[in-house]
Enquirer: 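What follows is a structure written as C-alpha cells; I'll ask about it next.
Atoms within a ligand are numbered from 1 in the order they appear, just like the ligands themselves.
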Amino acid sequence: MKHLVSPSILTANFANLQKDIEMLNQSDADWIHVDVMDGVFVPNISFGFAIIKQIKAIAKKPLDVHLMIVDPDRYLQEFKDAGADVITVHYEACTHLNRTINKIKELGCKAGVALNPHTPVAVLDDIVDELDMVLIMSVNPGFGAQKFIANTYKKINDLVIISTIRNPSLHIEIDGGVDSNNAAKLLEAGANVLVAGNAVFSATDPNAAISHLKNIN
Ligand code: DX5
Ligand code: ZN
C-alpha cells in the first residue's frame, strides 16, 4: 500500500480555515488530521465539535480525528456526528480500551489508538488485532512544531514485529515533527501514515510540501 499523508490543521490559519481546507482538497493529502485537545490530558486547548462540523462541510477528504482528551467515551457519538471518519484515542486516557474501540467501530469509524512517547507498543499486544491504526506520538502531545523524538524509529520496529503477525493491514501513523528530513526513514521503518502540521503549513508552498511527502519512495 502506498503511504498516506494526513496534514494536521493545528497549524492552519483559523481566521481563514476554509482557504486551507480547500487547499487540502486540491492537494495530494489523503486525510485531514484534526487535533482535539481538552486542556486536561494535554496542556493545551484546541477546538471542538462546532469547528469540526464546519471543516466537514468543506472537506472532500476523510477526517482523521486525534482525541487528546480524558475519558473519550463520553464524546464518541458527538465526534462521529461532527464528521469524524477515523477516531484515535490515547491508550493513556482509556480505562476500558477494548470497550472504547468497539464503540468507535460500532459508530462506523475506523478505530485508532495513540501512544505517548514513553508508552511501549507492547501494551497493545492484546488488542492490536482489533485496531485499524496505531498512532505513535513522535513528540509529547499538545503542540505543533516540536522536535521529533528519535526513539520513534525503534517503536515503529517494535510495532511492525507485532503487526506483521497479528494484523498486517494495520495503519501505523506517525505524529509530531514529521518533515522531509525524517519521512523517508519513517516509511522505511514501516510507518504508512504521515501526519505533518508545521512542515506543511509553515512551508512557503504547503501544496508542494504535501506532494513531496506523498511522493517519497
Ligand atoms: C501534537 C499533535 C500533532 C501536531 C503535529 O500534539 O497531535 O498532530 O499537530 O504538528 P507538527 O507536525 O507541527 O509536529
Ligand atoms: Zn495529532
Enquirer: I need the atoms of ligand 1 closer than 4.0 Å to a non-hydrogen atom of Ala196, numbered in the order shown.
Expert: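 Under 4.0 Å from Ala196, ligand 1 has these atoms: 12 (O).
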Enquirer: Who's the nearest protein heavy-atom neighbour of atom 12 (O) of ligand 1, and how far?
Expert: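 So the nearest neighbour among protein heavy atoms is Gly197 N, 2.8 Å.
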Enquirer: What residue and atom, counting heavy atoms only, is the protein's closest point to atom 1 (C) of ligand 1, and at what distance?
Expert: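 Protein heavy atom with the smallest distance to atom 1 (C) of ligand 1: Phe143 O, 3.4 Å.
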Enquirer: Identify which of Asp175, Thr11, Ile9, Asn140 has a heavy atom lying nearest to atom 5 (C) of ligand 1.
Expert: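 Looking at heavy atoms only, the winner is Asp175.
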Enquirer: Go through ligand 1 atom by atom and flag the ones less than 4.0 Å from a non-hydrogen atom of Met68.
Expert: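 Counting from 1, the qualifying ligand atoms are 6 (O), 7 (O).
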Enquirer: I need the contact type for Asp35 against ligand 1. Using non-hydrogen atoms and a strict under-4.0 Å cut-off, is it side chain, backbone, both or neither?
Expert: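 Looking at Asp35 and ligand 1, just side chain atoms fall under 4.0 Å.
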Enquirer: Check whether any N or O atom of Ala145, backbone or side chain, sits under 3.5 Å from an N or O atom of ligand 1, and answer yes or no.
Expert: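 So ligand 1 has an N or O lying under 3.5 Å from an N or O of Ala145.
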Enquirer: If you draw a 6.0 Å radius around OH in Tyr91, do more than 12 non-hydrogen atoms from other residues or ligands fall strictly inside?
Expert: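 Open: at most 12 neighbouring heavy atoms sit under 6.0 Å from OH of Tyr91.
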Enquirer: Can Asp81 and Lys53 be counted as an ion pair, charged N to O under 4.0 angstrom?
Expert: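 No, Asp81 and Lys53 are not salt-bridged.
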Enquirer: Please lay out, stage by stage, how Met37 and Leu10 fare under the test side-chain contact (heavy atoms from CB on, under 4.5 Å).
Expert: CA-CA 10 Å; Met37 303 179 181; Leu10 193 62; 3.5 Å; yes
Enquirer: So is Ala199 in contact with ligand 1, going by heavy-atom distances below 4.0 Å?
Expert: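 False for this residue.
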Enquirer: For atom 9 (O) of ligand 1, what is the closest protein heavy atom, and at what distance to 0.1 Å?
Expert: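 Here the nearest protein heavy atom works out to Ser8 OG, 2.8 Å.
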Enquirer: Kindly give the heavy-atom pair with the smallest separation between Leu213 and Ala196, and that separation in Å.
Expert: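 Looking at all heavy atoms of both residues, the shortest contact is CD1-CB, 3.7 Å.
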Enquirer: Heavy-atom contacts with Gly177 under 4.0 Å: which atoms of ligand 1 show up? List them by number with element.
Expert: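 Selected atoms, number and element: 11 (P), 12 (O), 14 (O).
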Enquirer: If you count the atoms of ligand 1 from 1 in the order shown, which ones are under 4.0 Å from a heavy atom of Gly176?
Expert: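 Near Gly176, the atoms of ligand 1 are 14 (O).
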Enquirer: Between the side chains of His33 and Asp35, does any donor sit under 3.5 Å from an acceptor?
Expert: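 Yes, because at least one side-chain N or O of His33 sits under 3.5 Å from a partner of the opposite role on Asp35.
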Enquirer: Could you identify the N, O or S atom of Asp175 positioned closest to the Zn ion (ligand 2)?
Expert: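 Atom name of the closest N, O or S in Asp175: OD2.
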Enquirer: Identify the protein heavy atom lying closest to atom 10 (O) of ligand 1, giving its residue, its atom name and the separation to 0.1 Å.
Expert: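 The closest one turns out to be Gly144 CA, 3.7 Å.
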Enquirer: Considering distance alone, does some N or O of Gly142 sit under 3.5 Å from an N or O of ligand 1?
Expert: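 N/O-N/O distance below 3.5 Å exists for this pair.
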Enquirer: What atoms of ligand 1 come within less than 4.0 Å of a heavy atom belonging to Pro141?
Expert: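 In order of numbering, the contacting atoms are 6 (O).
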Enquirer: Could you verify whether a donor N or O on one side chain and an acceptor N or O on the other, from Glu22 and Gln18, lie under 3.5 Å apart?
Expert: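 Yes, Gln18 and Glu22 have a side-chain donor paired with an acceptor closer than 3.5 Å.
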Enquirer: What do you reckon, is NZ of Lys147 surrounded by more than 12 foreign heavy atoms closer than 6.0 Å?
Expert: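 Check fails, neighbour count at 12 or below.
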Enquirer: What do you get for the angle at the Zn ion (ligand 2) between ND1 on His66 and NE2 on His33, to the nearest 10 degrees?
Expert: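 With the Zn ion (ligand 2) as the vertex, the angle is close to 100°.
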Enquirer: Show me which atoms of ligand 1 lie under 4.0 Å from any heavy atom of Leu10.
Expert: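 Result: 9 (O).
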Enquirer: Any chance CD of Gln54 has more than 12 other-residue heavy atoms, nucleotides or ligands included, within less than 6.0 Å?
Expert: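 Not buried by this count: 12 neighbours or fewer within 6.0 Å.
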Enquirer: I'd like to check which ligand 1 atoms, numbered from 1 as shown, lie under 4.0 Å from a non-hydrogen atom of Met37.
Expert: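 Matching atoms, with element in brackets: 6 (O).
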Enquirer: Out of all atoms in ligand 1, which are within 4.0 Å of some heavy atom of Asn198? Include the element for each.
Expert: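 Those atoms are 11 (P), 12 (O), 13 (O).
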Enquirer: Please find the N/O/S atom of Asp35 nearest to the Zn ion (ligand 2) and write down its name.
Expert: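 This residue's closest N, O or S atom turns out to be OD1.
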Enquirer: Are more than 12 heavy atoms from other residues, nucleotides or ligands located less than 6.0 Å from atom CZ of Phe143?
Expert: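 Yes.
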Enquirer: Does Asp85 come within less than 4.0 Å of Lys56, counting only side-chain N to carboxylate O?
Expert: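 Yes, charged N to carboxylate O under 4.0 Å.
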Enquirer: Measure the CG-CD1 distance between Asn98 and Ile127 for me, rounded to the nearest 0.5 Å.
Expert: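 Rounded to the nearest 0.5 Å, the CG-CD1 separation comes out at 4.5 Å.
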Enquirer: Atom NZ of residue position Lys214 - does it have more than 12 heavy atoms of other residues, nucleotides or ligands inside 6.0 Å?
Expert: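 More than 12 heavy atoms, drawn from other residues, nucleotides or ligands, come within 6.0 Å of this atom.
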